[in-house]
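Here the structure comes first, spelled out in C-alpha coordinates, and everything after it is commentary.
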Amino acid sequence: MALTTNKSILDWLDEKIELVNPDKVLWIDGSEAQLEELRKEAVQTGEMIKLNEEKLPGCYLHRTKPNDVARVEDRTLICTPTEEEAGPTNHWKDPEECYKMLYDIARVTYQGRTMYVIPYSMGPVASPFSKIGIEITDSIYVVLNMAIMTRVGKEVLDCLGDSDEWIRGFHAKCDVDPEKRWIVQFPQDNTIISVNSAYGGNVLLGKKCFALRIASFLGKNEGWMAEHMLILGIENPQGETKYICAAFPSACGKTNLAMLIPPESYLKRGYKVFTVGDDISWIRKGPDGRLYAINPENGFFGVAPGTNEKSNFNALESTKKNTIFTNVALNLDDNTVWWERLTKERPANALDWKGNPWPIDSTENGAHPNSRFTAPTKNCPCLSPEFENPQGVPISAIIFGGRRAKLAPLVYQSRDWNHGVFVGSAMASETTAAAAGAVGVVRSDPMAMLPFCGYNMADYWGHWIEMGKKLGDKAPKIFNVNWFRKDDEGNFMWPGFGDNLRVLNWILKRCDGEVGAKETEIGFVPNAEDINIEGLEGEVSIDSLNDMLSVDKELWLEDTKRIEELYAKFNGRVPKELVESLETLKKNVQ
Ligand code: OXD
Ligand code: MN
(Lines give C-alpha, C1' and ligand atoms only; values in the text may rest on other atoms or scores of the structure.)
(Ligands and ions follow the chains in the order given, each with its own letter.)
Protein backbone atom coordinates (compact mmCIF):
# COMPACT_ATOMS: atom_id res chain seq x y z
CA MET A 1 0.00 0.00 0.00
CA ALA A 2 1.26 3.43 -0.93
CA LEU A 3 2.29 5.46 2.11
CA THR A 4 1.23 8.72 0.49
CA THR A 5 -1.45 10.26 -1.72
CA ASN A 6 1.05 12.77 -3.12
CA LYS A 7 0.21 12.79 -6.81
CA SER A 8 3.66 13.85 -8.04
CA ILE A 9 5.17 10.86 -6.26
CA LEU A 10 2.53 8.37 -7.37
CA ASP A 11 2.69 9.49 -11.01
CA TRP A 12 6.46 9.24 -11.05
CA LEU A 13 6.31 5.80 -9.44
CA ASP A 14 3.76 4.55 -11.97
CA GLU A 15 6.07 5.57 -14.79
CA LYS A 16 9.04 3.81 -13.21
CA ILE A 17 7.05 0.69 -12.40
CA GLU A 18 5.98 0.46 -16.01
CA LEU A 19 9.59 0.86 -17.11
CA VAL A 20 11.31 -1.65 -14.84
CA ASN A 21 8.43 -4.07 -14.23
CA PRO A 22 9.01 -5.23 -10.64
CA ASP A 23 7.23 -8.24 -9.12
CA LYS A 24 6.17 -6.15 -6.19
CA VAL A 25 6.53 -2.72 -4.63
CA LEU A 26 7.47 -2.25 -0.97
CA TRP A 27 7.28 1.13 0.73
CA ILE A 28 9.90 1.61 3.42
CA ASP A 29 8.06 2.94 6.46
CA GLY A 30 11.12 3.34 8.68
CA SER A 31 9.90 0.84 11.29
CA GLU A 32 12.45 -1.37 13.02
CA ALA A 33 10.21 -4.40 12.36
CA GLN A 34 10.30 -3.89 8.61
CA LEU A 35 14.06 -3.24 8.55
CA GLU A 36 14.63 -6.39 10.61
CA GLU A 37 12.60 -8.43 8.07
CA LEU A 38 14.81 -7.07 5.30
CA ARG A 39 17.99 -7.87 7.22
CA LYS A 40 16.79 -11.44 7.65
CA GLU A 41 16.00 -11.71 3.97
CA ALA A 42 19.41 -10.32 3.00
CA VAL A 43 21.12 -12.87 5.25
CA GLN A 44 19.04 -15.66 3.77
CA THR A 45 19.98 -14.75 0.19
CA GLY A 46 23.64 -14.25 1.13
CA GLU A 47 23.54 -10.53 0.36
CA MET A 48 24.74 -9.86 3.91
CA ILE A 49 26.52 -11.87 6.57
CA LYS A 50 25.40 -11.50 10.16
CA LEU A 51 28.40 -10.86 12.40
CA ASN A 52 29.10 -11.92 15.99
CA GLU A 53 26.07 -10.67 17.94
CA GLU A 54 28.00 -10.38 21.20
CA LYS A 55 31.02 -8.51 19.89
CA LEU A 56 29.30 -6.57 17.09
CA PRO A 57 25.57 -6.46 17.89
CA GLY A 58 23.34 -5.65 14.93
CA CYS A 59 26.31 -5.63 12.53
CA TYR A 60 26.56 -7.12 9.03
CA LEU A 61 29.14 -7.64 6.32
CA HIS A 62 28.38 -7.07 2.65
CA ARG A 63 30.66 -7.66 -0.35
CA THR A 64 30.24 -5.79 -3.61
CA LYS A 65 31.41 -7.13 -6.96
CA PRO A 66 35.16 -6.63 -7.35
CA ASN A 67 34.47 -4.39 -10.37
CA ASP A 68 32.28 -2.14 -8.21
CA VAL A 69 34.22 -0.85 -5.22
CA ALA A 70 34.42 2.93 -5.57
CA ARG A 71 32.81 6.02 -7.02
CA VAL A 72 33.25 6.25 -10.79
CA GLU A 73 34.03 9.84 -11.61
CA ASP A 74 34.41 9.38 -15.36
CA ARG A 75 30.94 7.82 -15.45
CA THR A 76 29.34 10.53 -13.31
CA LEU A 77 27.40 12.97 -15.47
CA ILE A 78 25.83 16.37 -14.93
CA CYS A 79 23.04 16.68 -17.49
CA THR A 80 22.23 20.35 -17.73
CA PRO A 81 20.53 21.70 -20.88
CA THR A 82 23.86 23.07 -22.15
CA GLU A 83 27.40 21.77 -21.63
CA GLU A 84 28.50 25.23 -20.49
CA GLU A 85 26.20 25.00 -17.45
CA ALA A 86 27.94 21.82 -16.29
CA GLY A 87 31.33 23.41 -16.95
CA PRO A 88 34.73 22.02 -17.88
CA THR A 89 35.28 20.03 -14.67
CA ASN A 90 32.16 17.88 -15.06
CA HIS A 91 31.22 15.22 -17.60
CA TRP A 92 28.15 16.24 -19.55
CA LYS A 93 25.58 14.63 -21.80
CA ASP A 94 22.45 16.03 -23.42
CA PRO A 95 19.58 15.36 -20.93
CA GLU A 96 17.15 13.94 -23.48
CA GLU A 97 19.70 11.56 -24.96
CA CYS A 98 20.82 10.58 -21.50
CA TYR A 99 17.34 9.75 -20.20
CA LYS A 100 16.86 7.55 -23.22
CA MET A 101 20.19 5.79 -22.71
CA LEU A 102 19.46 5.18 -19.01
CA TYR A 103 15.89 4.02 -19.51
CA ASP A 104 17.07 1.60 -22.19
CA ILE A 105 19.62 0.21 -19.74
CA ALA A 106 17.13 -0.07 -16.85
CA ARG A 107 14.12 -1.36 -18.83
CA VAL A 108 12.50 -4.45 -17.20
CA THR A 109 15.55 -5.02 -15.00
CA TYR A 110 13.40 -5.28 -11.84
CA GLN A 111 11.61 -8.31 -13.27
CA GLY A 112 11.39 -11.04 -10.65
CA ARG A 113 12.47 -8.54 -7.97
CA THR A 114 11.02 -6.09 -5.51
CA MET A 115 11.00 -2.33 -5.95
CA TYR A 116 11.78 -0.65 -2.63
CA VAL A 117 10.49 2.91 -2.28
CA ILE A 118 12.50 4.87 0.27
CA PRO A 119 11.17 8.25 1.44
CA TYR A 120 14.01 10.08 3.20
CA SER A 121 14.95 13.44 4.60
CA MET A 122 18.37 15.02 4.34
CA GLY A 123 18.61 16.94 7.60
CA PRO A 124 16.29 16.63 10.62
CA VAL A 125 12.69 16.16 9.43
CA ALA A 126 11.02 19.56 9.04
CA SER A 127 14.16 21.62 9.69
CA PRO A 128 14.24 24.76 7.49
CA PHE A 129 17.53 23.40 6.08
CA SER A 130 16.15 19.98 5.19
CA LYS A 131 15.16 18.54 1.82
CA ILE A 132 13.23 15.42 0.97
CA GLY A 133 14.05 12.67 -1.50
CA ILE A 134 12.46 9.45 -2.72
CA GLU A 135 14.85 6.73 -3.82
CA ILE A 136 13.62 3.63 -5.58
CA THR A 137 15.99 0.70 -5.66
CA ASP A 138 16.06 -3.05 -6.23
CA SER A 139 18.69 -3.57 -3.51
CA ILE A 140 18.04 -4.37 0.15
CA TYR A 141 21.63 -3.29 0.85
CA VAL A 142 20.70 0.19 -0.39
CA VAL A 143 17.56 0.26 1.78
CA LEU A 144 19.47 -0.73 4.90
CA ASN A 145 22.29 1.71 4.24
CA MET A 146 19.89 4.55 3.51
CA ALA A 147 18.12 3.75 6.79
CA ILE A 148 21.43 4.46 8.56
CA MET A 149 22.65 7.39 6.46
CA THR A 150 19.37 9.35 6.32
CA ARG A 151 16.06 9.80 8.15
CA VAL A 152 13.72 7.34 6.48
CA GLY A 153 10.02 6.59 6.67
CA LYS A 154 6.43 7.70 6.82
CA GLU A 155 7.01 10.89 8.81
CA VAL A 156 9.05 12.20 5.88
CA LEU A 157 6.04 11.80 3.56
CA ASP A 158 3.76 13.40 6.12
CA CYS A 159 6.11 16.34 6.25
CA LEU A 160 6.15 16.62 2.44
CA GLY A 161 2.36 16.50 2.08
CA ASP A 162 1.22 17.26 -1.49
CA SER A 163 4.28 19.24 -2.46
CA ASP A 164 6.29 18.19 -5.50
CA GLU A 165 9.48 19.65 -4.03
CA TRP A 166 11.36 16.42 -3.63
CA ILE A 167 14.37 14.84 -5.30
CA ARG A 168 13.70 11.92 -7.61
CA GLY A 169 16.23 9.12 -7.14
CA PHE A 170 16.12 6.03 -9.32
CA HIS A 171 18.61 3.22 -8.79
CA ALA A 172 18.75 -0.03 -10.75
CA LYS A 173 21.43 -2.58 -10.04
CA CYS A 174 21.01 -4.17 -13.49
CA ASP A 175 23.93 -6.56 -14.12
CA VAL A 176 26.51 -4.42 -12.29
CA ASP A 177 28.16 -4.05 -15.69
CA PRO A 178 30.97 -1.48 -15.48
CA GLU A 179 30.59 -0.70 -19.19
CA LYS A 180 27.00 0.39 -18.64
CA ARG A 181 27.48 2.00 -15.25
CA TRP A 182 26.27 5.62 -15.03
CA ILE A 183 25.69 7.95 -12.12
CA VAL A 184 23.69 10.84 -13.50
CA GLN A 185 22.40 14.09 -12.09
CA PHE A 186 19.76 16.20 -13.86
CA PRO A 187 19.91 19.35 -11.72
CA GLN A 188 17.08 21.17 -13.52
CA ASP A 189 14.77 18.17 -12.98
CA ASN A 190 15.73 17.40 -9.36
CA THR A 191 16.53 13.92 -10.63
CA ILE A 192 19.26 11.35 -10.05
CA ILE A 193 19.59 8.07 -11.92
CA SER A 194 22.17 5.42 -11.04
CA VAL A 195 22.51 2.17 -13.00
CA ASN A 196 24.77 -0.88 -12.89
CA SER A 197 26.39 -0.24 -9.54
CA ALA A 198 25.75 -1.43 -6.01
CA TYR A 199 28.62 0.43 -4.32
CA GLY A 200 27.59 2.96 -1.65
CA GLY A 201 28.99 6.17 -3.11
CA ASN A 202 27.18 5.44 -6.39
CA VAL A 203 23.88 4.17 -5.04
CA LEU A 204 23.15 5.82 -1.68
CA LEU A 205 21.66 8.65 -3.66
CA GLY A 206 21.12 10.92 -0.64
CA LYS A 207 24.86 11.37 -0.18
CA LYS A 208 27.11 12.72 -2.93
CA CYS A 209 24.45 12.78 -5.68
CA PHE A 210 21.80 14.68 -3.72
CA ALA A 211 23.48 16.31 -0.74
CA LEU A 212 26.32 17.71 -2.87
CA ARG A 213 25.66 17.68 -6.63
CA ILE A 214 21.93 18.44 -6.70
CA ALA A 215 22.05 20.45 -3.47
CA SER A 216 24.90 22.68 -4.65
CA PHE A 217 22.70 23.63 -7.62
CA LEU A 218 19.64 24.19 -5.39
CA GLY A 219 21.82 26.22 -3.03
CA LYS A 220 22.94 28.54 -5.82
CA ASN A 221 19.34 29.17 -6.87
CA GLU A 222 17.99 29.48 -3.32
CA GLY A 223 20.85 31.40 -1.71
CA TRP A 224 22.51 28.75 0.47
CA MET A 225 25.49 26.39 0.14
CA ALA A 226 26.05 22.64 0.02
CA GLU A 227 29.67 21.88 0.84
CA HIS A 228 31.96 18.87 1.16
CA MET A 229 32.80 19.87 4.72
CA LEU A 230 32.96 18.38 8.19
CA ILE A 231 31.51 20.35 11.09
CA LEU A 232 33.06 20.26 14.54
CA GLY A 233 32.47 22.12 17.78
CA ILE A 234 35.19 23.09 20.26
CA GLU A 235 34.17 23.82 23.84
CA ASN A 236 36.69 25.87 25.80
CA PRO A 237 37.25 25.65 29.58
CA GLN A 238 34.75 28.51 30.06
CA GLY A 239 32.07 26.30 28.52
CA GLU A 240 31.69 28.28 25.27
CA THR A 241 31.44 26.24 22.08
CA LYS A 242 32.54 27.51 18.68
CA TYR A 243 31.98 25.68 15.40
CA ILE A 244 34.23 25.17 12.40
CA CYS A 245 33.52 23.80 8.91
CA ALA A 246 36.43 22.24 7.03
CA ALA A 247 36.93 20.89 3.51
CA PHE A 248 39.70 18.45 2.58
CA PRO A 249 40.35 16.29 -0.47
CA SER A 250 40.37 12.54 0.23
CA ALA A 251 43.27 11.03 2.20
CA CYS A 252 43.80 14.15 4.33
CA GLY A 253 42.31 12.87 7.60
CA LYS A 254 38.92 14.56 7.39
CA THR A 255 37.07 11.97 9.48
CA ASN A 256 39.90 12.04 12.03
CA LEU A 257 39.68 15.81 12.35
CA ALA A 258 35.88 15.66 12.68
CA MET A 259 36.26 13.33 15.69
CA LEU A 260 39.52 14.49 17.18
CA ILE A 261 40.44 13.82 20.78
CA PRO A 262 42.18 16.78 22.45
CA PRO A 263 45.77 16.32 23.65
CA GLU A 264 46.14 15.42 27.32
CA SER A 265 46.98 18.95 28.47
CA TYR A 266 43.88 20.35 26.73
CA LEU A 267 41.65 17.66 28.21
CA LYS A 268 42.96 18.55 31.67
CA ARG A 269 42.17 22.20 31.10
CA GLY A 270 38.60 21.26 30.14
CA TYR A 271 38.59 21.41 26.33
CA LYS A 272 36.06 19.22 24.54
CA VAL A 273 35.53 18.50 20.86
CA PHE A 274 32.15 17.57 19.37
CA THR A 275 31.36 16.11 15.96
CA VAL A 276 28.40 17.56 14.09
CA GLY A 277 29.33 16.05 10.73
CA ASP A 278 32.19 14.24 9.03
CA ASP A 279 31.52 14.82 5.33
CA ILE A 280 28.81 17.23 4.20
CA SER A 281 27.53 20.62 5.38
CA TRP A 282 24.44 22.52 4.31
CA ILE A 283 25.02 26.14 5.18
CA ARG A 284 22.81 29.21 5.21
CA LYS A 285 22.56 32.68 6.66
CA GLY A 286 20.67 32.61 9.95
CA PRO A 287 18.27 35.17 11.44
CA ASP A 288 21.14 36.94 13.24
CA GLY A 289 23.07 37.37 9.98
CA ARG A 290 25.69 34.74 10.79
CA LEU A 291 26.31 31.56 8.83
CA TYR A 292 24.70 28.37 10.22
CA ALA A 293 25.38 24.76 9.20
CA ILE A 294 23.73 21.39 9.55
CA ASN A 295 25.00 17.95 8.69
CA PRO A 296 22.28 16.62 6.36
CA GLU A 297 23.29 12.99 6.99
CA ASN A 298 22.37 10.66 9.81
CA GLY A 299 25.29 8.22 9.56
CA PHE A 300 28.97 7.92 8.71
CA PHE A 301 30.04 6.21 5.50
CA GLY A 302 33.68 6.02 6.49
CA VAL A 303 36.78 4.41 5.04
CA ALA A 304 37.70 1.45 7.25
CA PRO A 305 41.44 0.85 6.60
CA GLY A 306 43.63 2.88 8.91
CA THR A 307 40.82 3.35 11.46
CA ASN A 308 41.96 2.06 14.84
CA GLU A 309 41.83 2.89 18.50
CA LYS A 310 44.73 5.29 18.20
CA SER A 311 44.05 6.98 14.87
CA ASN A 312 40.33 7.51 15.49
CA PHE A 313 38.90 6.03 18.67
CA ASN A 314 35.53 7.72 18.16
CA ALA A 315 35.06 6.42 14.61
CA LEU A 316 35.98 2.91 15.71
CA GLU A 317 33.52 3.09 18.62
CA SER A 318 30.84 4.24 16.19
CA THR A 319 31.19 0.96 14.26
CA LYS A 320 30.64 -1.36 17.22
CA LYS A 321 26.89 -1.78 16.79
CA ASN A 322 24.18 -1.56 14.11
CA THR A 323 26.82 -1.04 11.44
CA ILE A 324 27.10 -2.42 7.92
CA PHE A 325 30.64 -3.18 6.79
CA THR A 326 31.38 -3.32 3.07
CA ASN A 327 34.38 -5.12 1.53
CA VAL A 328 36.37 -5.70 4.73
CA ALA A 329 37.97 -9.01 5.74
CA LEU A 330 36.03 -11.57 7.78
CA ASN A 331 37.74 -13.08 10.82
CA LEU A 332 36.56 -16.68 10.78
CA ASP A 333 37.62 -17.42 14.35
CA ASP A 334 35.05 -15.14 15.94
CA ASN A 335 32.93 -13.92 13.00
CA THR A 336 34.08 -10.32 13.32
CA VAL A 337 35.66 -7.98 10.78
CA TRP A 338 39.18 -6.79 10.11
CA TRP A 339 40.94 -4.25 7.94
CA GLU A 340 44.49 -3.08 7.46
CA ARG A 341 45.92 -1.36 10.57
CA LEU A 342 42.88 -2.14 12.74
CA THR A 343 45.31 -4.13 14.90
CA LYS A 344 49.03 -4.82 14.51
CA GLU A 345 48.44 -8.50 13.78
CA ARG A 346 46.06 -9.68 11.13
CA PRO A 347 43.69 -12.53 12.06
CA ALA A 348 45.21 -15.90 11.23
CA ASN A 349 42.03 -17.47 9.93
CA ALA A 350 40.20 -15.09 7.63
CA LEU A 351 38.49 -14.46 4.31
CA ASP A 352 39.54 -11.47 2.24
CA TRP A 353 37.14 -8.79 1.02
CA LYS A 354 36.20 -10.88 -1.97
CA GLY A 355 35.23 -13.78 0.30
CA ASN A 356 38.22 -15.89 -0.71
CA PRO A 357 40.52 -17.67 1.77
CA TRP A 358 43.24 -15.21 2.82
CA PRO A 359 46.41 -17.23 3.46
CA ILE A 360 48.57 -16.00 6.31
CA ASP A 361 51.52 -15.46 3.94
CA SER A 362 49.42 -13.53 1.42
CA THR A 363 50.82 -10.20 0.22
CA GLU A 364 47.32 -9.04 -0.79
CA ASN A 365 45.13 -6.77 1.30
CA GLY A 366 42.52 -8.38 3.50
CA ALA A 367 40.15 -5.43 3.19
CA HIS A 368 39.75 -3.37 0.04
CA PRO A 369 41.55 0.02 0.45
CA ASN A 370 38.16 1.71 -0.07
CA SER A 371 36.25 -0.67 2.21
CA ARG A 372 33.68 1.13 4.33
CA PHE A 373 31.59 1.17 7.46
CA THR A 374 28.06 2.58 7.48
CA ALA A 375 27.49 3.55 11.11
CA PRO A 376 24.69 5.55 12.80
CA THR A 377 25.89 9.00 13.95
CA LYS A 378 24.25 8.39 17.31
CA ASN A 379 26.89 5.73 18.02
CA CYS A 380 29.60 8.41 18.02
CA PRO A 381 30.85 9.05 21.58
CA CYS A 382 31.62 12.70 20.76
CA LEU A 383 28.47 13.47 18.77
CA SER A 384 27.46 17.07 19.34
CA PRO A 385 24.33 17.71 21.44
CA GLU A 386 23.47 20.16 18.63
CA PHE A 387 23.48 17.42 15.97
CA GLU A 388 19.67 17.41 15.68
CA ASN A 389 19.28 21.17 16.11
CA PRO A 390 16.99 22.12 13.21
CA GLN A 391 18.51 25.62 13.14
CA GLY A 392 22.07 24.30 12.73
CA VAL A 393 25.16 25.61 14.49
CA PRO A 394 26.80 29.04 13.97
CA ILE A 395 30.08 28.83 12.06
CA SER A 396 33.05 30.90 13.25
CA ALA A 397 35.67 29.68 10.79
CA ILE A 398 35.92 27.87 7.47
CA ILE A 399 39.03 25.81 6.84
CA PHE A 400 40.42 24.54 3.58
CA GLY A 401 43.27 22.06 3.54
CA GLY A 402 45.36 19.73 1.51
CA ARG A 403 48.44 17.59 1.52
CA ARG A 404 51.42 19.72 0.43
CA ALA A 405 54.89 18.46 1.42
CA LYS A 406 56.65 21.77 0.89
CA LEU A 407 54.25 24.49 -0.13
CA ALA A 408 51.54 25.53 2.27
CA PRO A 409 52.41 26.51 5.86
CA LEU A 410 50.85 24.63 8.78
CA VAL A 411 48.15 27.30 8.84
CA TYR A 412 47.43 30.71 7.37
CA GLN A 413 44.46 33.04 7.29
CA SER A 414 43.09 34.68 4.18
CA ARG A 415 43.08 38.45 4.07
CA ASP A 416 39.30 38.60 3.72
CA TRP A 417 36.32 36.56 2.47
CA ASN A 418 37.05 37.01 -1.25
CA HIS A 419 40.69 36.09 -0.77
CA GLY A 420 39.48 33.08 1.23
CA VAL A 421 37.32 32.01 -1.71
CA PHE A 422 40.44 32.28 -3.87
CA VAL A 423 42.33 30.06 -1.39
CA GLY A 424 39.52 27.48 -1.61
CA SER A 425 39.44 27.63 -5.39
CA ALA A 426 43.20 27.02 -5.47
CA MET A 427 43.02 23.98 -3.19
CA ALA A 428 45.16 21.05 -4.24
CA SER A 429 46.59 17.93 -2.72
CA GLU A 430 49.40 15.51 -3.44
CA THR A 431 48.29 11.98 -4.27
CA THR A 432 49.09 9.20 -1.79
CA ALA A 433 49.64 5.48 -2.13
CA ALA A 434 45.99 5.02 -1.09
CA ALA A 435 44.80 5.74 -4.63
CA ALA A 436 45.89 4.18 -7.92
CA GLY A 437 48.44 6.13 -9.96
CA ALA A 438 51.63 8.05 -9.24
CA VAL A 439 52.36 9.22 -5.69
CA GLY A 440 53.06 12.89 -4.90
CA VAL A 441 51.34 14.36 -7.96
CA VAL A 442 49.60 17.66 -7.22
CA ARG A 443 45.90 17.55 -8.06
CA SER A 444 43.67 20.58 -8.01
CA ASP A 445 40.49 20.01 -6.05
CA PRO A 446 38.75 23.35 -5.49
CA MET A 447 36.90 23.35 -2.14
CA ALA A 448 37.27 19.51 -2.31
CA MET A 449 34.25 19.75 -4.63
CA LEU A 450 35.82 18.73 -7.95
CA PRO A 451 33.67 15.57 -8.37
CA PHE A 452 30.72 16.97 -6.42
CA CYS A 453 29.82 20.37 -7.85
CA GLY A 454 26.51 20.06 -9.74
CA TYR A 455 27.08 23.00 -12.10
CA ASN A 456 29.81 25.14 -13.64
CA MET A 457 32.48 25.51 -10.99
CA ALA A 458 33.27 29.10 -11.97
CA ASP A 459 29.62 29.98 -11.22
CA TYR A 460 29.96 28.09 -7.95
CA TRP A 461 32.88 30.33 -7.02
CA GLY A 462 30.70 33.27 -8.03
CA HIS A 463 28.06 32.02 -5.60
CA TRP A 464 30.65 31.94 -2.82
CA ILE A 465 31.52 35.58 -3.61
CA GLU A 466 27.81 36.49 -3.50
CA MET A 467 27.37 34.75 -0.13
CA GLY A 468 30.26 36.85 1.20
CA LYS A 469 28.46 40.04 0.12
CA LYS A 470 25.29 38.91 1.92
CA LEU A 471 27.18 38.12 5.12
CA GLY A 472 29.32 41.26 5.22
CA ASP A 473 31.28 41.56 8.47
CA LYS A 474 29.39 38.59 9.97
CA ALA A 475 31.10 36.21 7.53
CA PRO A 476 33.26 33.50 9.09
CA LYS A 477 37.01 33.92 8.69
CA ILE A 478 38.64 31.61 6.14
CA PHE A 479 41.84 29.66 6.79
CA ASN A 480 44.04 27.08 5.10
CA VAL A 481 45.81 24.25 6.94
CA ASN A 482 48.42 21.72 5.93
CA TRP A 483 49.08 18.91 8.42
CA PHE A 484 51.47 17.25 5.96
CA ARG A 485 54.49 19.53 5.64
CA LYS A 486 57.72 17.47 5.38
CA ASP A 487 61.31 18.24 6.33
CA ASP A 488 64.27 17.73 3.99
CA GLU A 489 64.53 14.09 5.09
CA GLY A 490 60.90 13.50 4.10
CA ASN A 491 59.52 13.24 7.66
CA PHE A 492 56.23 14.81 8.63
CA MET A 493 56.97 17.89 10.74
CA TRP A 494 53.63 18.15 12.54
CA PRO A 495 52.25 15.30 14.70
CA GLY A 496 48.68 15.81 13.47
CA PHE A 497 45.65 13.96 14.91
CA GLY A 498 44.62 15.36 18.32
CA ASP A 499 47.41 17.92 18.24
CA ASN A 500 45.63 19.65 15.37
CA LEU A 501 43.51 21.20 18.11
CA ARG A 502 46.51 23.47 18.83
CA VAL A 503 46.09 24.93 15.35
CA LEU A 504 42.30 25.11 15.59
CA ASN A 505 42.74 27.04 18.81
CA TRP A 506 44.92 29.62 17.05
CA ILE A 507 42.25 29.87 14.38
CA LEU A 508 39.51 30.54 16.94
CA LYS A 509 41.68 33.12 18.68
CA ARG A 510 42.11 34.89 15.35
CA CYS A 511 38.35 34.87 14.91
CA ASP A 512 38.02 36.58 18.28
CA GLY A 513 40.82 39.04 17.54
CA GLU A 514 42.79 37.68 20.50
CA VAL A 515 46.08 37.03 18.76
CA GLY A 516 48.29 38.79 16.21
CA ALA A 517 49.79 37.38 13.02
CA LYS A 518 52.41 38.19 10.39
CA GLU A 519 51.13 39.54 7.11
CA THR A 520 52.95 37.63 4.37
CA GLU A 521 52.77 37.27 0.60
CA ILE A 522 50.02 34.64 0.91
CA GLY A 523 47.98 35.90 3.88
CA PHE A 524 48.28 36.01 7.68
CA VAL A 525 50.68 33.45 9.15
CA PRO A 526 50.98 32.82 12.92
CA ASN A 527 53.88 34.04 14.97
CA ALA A 528 55.43 30.71 15.98
CA GLU A 529 55.16 31.47 19.70
CA ASP A 530 51.37 31.79 19.36
CA ILE A 531 50.94 28.11 18.53
CA ASN A 532 50.97 26.21 21.81
CA ILE A 533 53.50 23.36 21.62
CA GLU A 534 53.58 22.59 25.36
CA GLY A 535 53.70 18.83 25.74
CA LEU A 536 55.24 18.31 22.28
CA GLU A 537 58.83 18.50 23.51
CA GLY A 538 61.09 16.37 21.33
CA GLU A 539 58.52 16.41 18.52
CA VAL A 540 58.09 20.06 17.66
CA SER A 541 60.39 22.99 18.54
CA ILE A 542 60.03 26.70 17.90
CA ASP A 543 62.58 26.27 15.11
CA SER A 544 60.71 23.48 13.38
CA LEU A 545 57.47 25.42 13.86
CA ASN A 546 59.08 28.40 12.16
CA ASP A 547 60.02 26.09 9.28
CA MET A 548 56.47 24.81 9.00
CA LEU A 549 55.20 28.36 8.88
CA SER A 550 57.67 29.58 6.26
CA VAL A 551 56.65 30.68 2.76
CA ASP A 552 58.93 29.63 -0.12
CA LYS A 553 58.20 32.26 -2.76
CA GLU A 554 59.68 30.25 -5.61
CA LEU A 555 57.40 27.30 -4.93
CA TRP A 556 54.40 29.58 -4.63
CA LEU A 557 55.23 31.24 -7.94
CA GLU A 558 55.37 27.79 -9.51
CA ASP A 559 52.00 26.94 -7.95
CA THR A 560 50.38 30.06 -9.44
CA LYS A 561 50.95 28.47 -12.88
CA ARG A 562 48.78 25.53 -11.84
CA ILE A 563 46.04 27.89 -10.67
CA GLU A 564 46.32 29.88 -13.90
CA GLU A 565 45.90 26.69 -15.93
CA LEU A 566 42.89 25.71 -13.86
CA TYR A 567 41.24 29.11 -14.32
CA ALA A 568 42.02 29.09 -18.07
CA LYS A 569 39.68 26.14 -18.53
CA PHE A 570 36.69 28.32 -17.70
CA ASN A 571 36.89 30.65 -20.72
CA GLY A 572 36.72 33.91 -18.80
CA ARG A 573 33.92 32.77 -16.46
CA VAL A 574 36.03 32.87 -13.25
CA PRO A 575 34.82 35.73 -11.01
CA LYS A 576 37.01 38.83 -11.30
CA GLU A 577 37.60 38.82 -7.53
CA LEU A 578 39.45 35.50 -7.86
CA VAL A 579 41.42 36.59 -10.92
CA GLU A 580 42.49 39.68 -8.95
CA SER A 581 43.58 37.53 -5.99
CA LEU A 582 45.65 35.39 -8.34
CA GLU A 583 47.29 38.48 -9.82
CA THR A 584 48.04 39.79 -6.31
CA LEU A 585 49.58 36.47 -5.30
CA LYS A 586 51.73 36.42 -8.44
CA LYS A 587 52.93 39.94 -7.79
CA ASN A 588 53.64 39.16 -4.11
CA VAL A 589 55.76 36.08 -4.75
CA GLN A 590 57.60 37.31 -7.86
C1 OXD B 1 33.62 10.07 0.47
C2 OXD B 1 34.43 10.76 -0.55
O3 OXD B 1 33.35 8.89 0.33
O4 OXD B 1 34.62 11.97 -0.43
O5 OXD B 1 33.23 10.74 1.43
O6 OXD B 1 34.89 10.10 -1.49
MN1 MN C 1 33.46 12.83 1.15
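In listed order, ligands and their atoms are each counted from 1.
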Within 45° of the axis and under 6.0 Å from the centre of the six-membered ring of [Y], does NZ or CZ of [X] qualify?
| X | Y | value |
| --- | --- | --- |
| R213 | F452 | no |
| R485 | F492 | no |
| R372 | W339 | no |

Next on the checklist: Between the side chains of K254 and D278, is the shortest nitrogen-to-carboxylate-oxygen separation below 4.0 Å, so that they form an ion pair?
Outcome noted: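 No salt bridge links D278 with K254.
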Item to check | Mutual orientation of the aromatic rings belonging to Y460 and Y455 [parallel < 30°, tilted 30-60°, perpendicular > 60°] | outcome: perpendicular
Checklist outcome for this item: At a cut-off of 2.8 Å, protein N/O/S around the Mn ion (ligand 2) gives K208 NZ, H228 NE2, D279 OD1
Item to check | Polar side chain donor-acceptor pair, T150 to N298, under 3.5 angstrom | outcome: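 Looking only at side-chain atoms, N298 and T150 do not form any donor-acceptor pair under 3.5 Å.
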Checklist entry - Any chance the side chains of T137 and H171 put a donor and an acceptor closer than 3.5 Å? => result yes
For ligand 1, run through the N/O pairs with the protein that fall under 3.5 Å and put one pair on each line.
residue: ligand 1; atom: 3 (O); partner: R372; partner atom: NH1; Å: 3.0
residue: ligand 1; atom: 3 (O); partner: R372; partner atom: NH2; Å: 3.1
residue: ligand 1; atom: 4 (O); partner: K208; partner atom: NZ; Å: 3.0
residue: ligand 1; atom: 4 (O); partner: H228; partner atom: NE2; Å: 3.2
residue: ligand 1; atom: 5 (O); partner: K208; partner atom: NZ; Å: 2.9
residue: ligand 1; atom: 5 (O); partner: D279; partner atom: OD1; Å: 3.3
residue: ligand 1; atom: 5 (O); partner: D279; partner atom: OD2; Å: 3.3
residue: ligand 1; atom: 6 (O); partner: R71; partner atom: NE; Å: 3.3
residue: ligand 1; atom: 6 (O); partner: R71; partner atom: NH2; Å: 2.8

Item to check | Qualifying residues under salt bridge (charged side-chain N to carboxylate O under 4.0 Å, His left out), relative to K321, sequence neighbours excluded | outcome: none
Checklist entry - How would you list, by chain and number, every residue that makes a side chain to side chain contact (heavy atoms under 4.5 Å, CB included) with R39, sequence neighbours excluded? => result E32, L35, E36, M48, Y60, L144
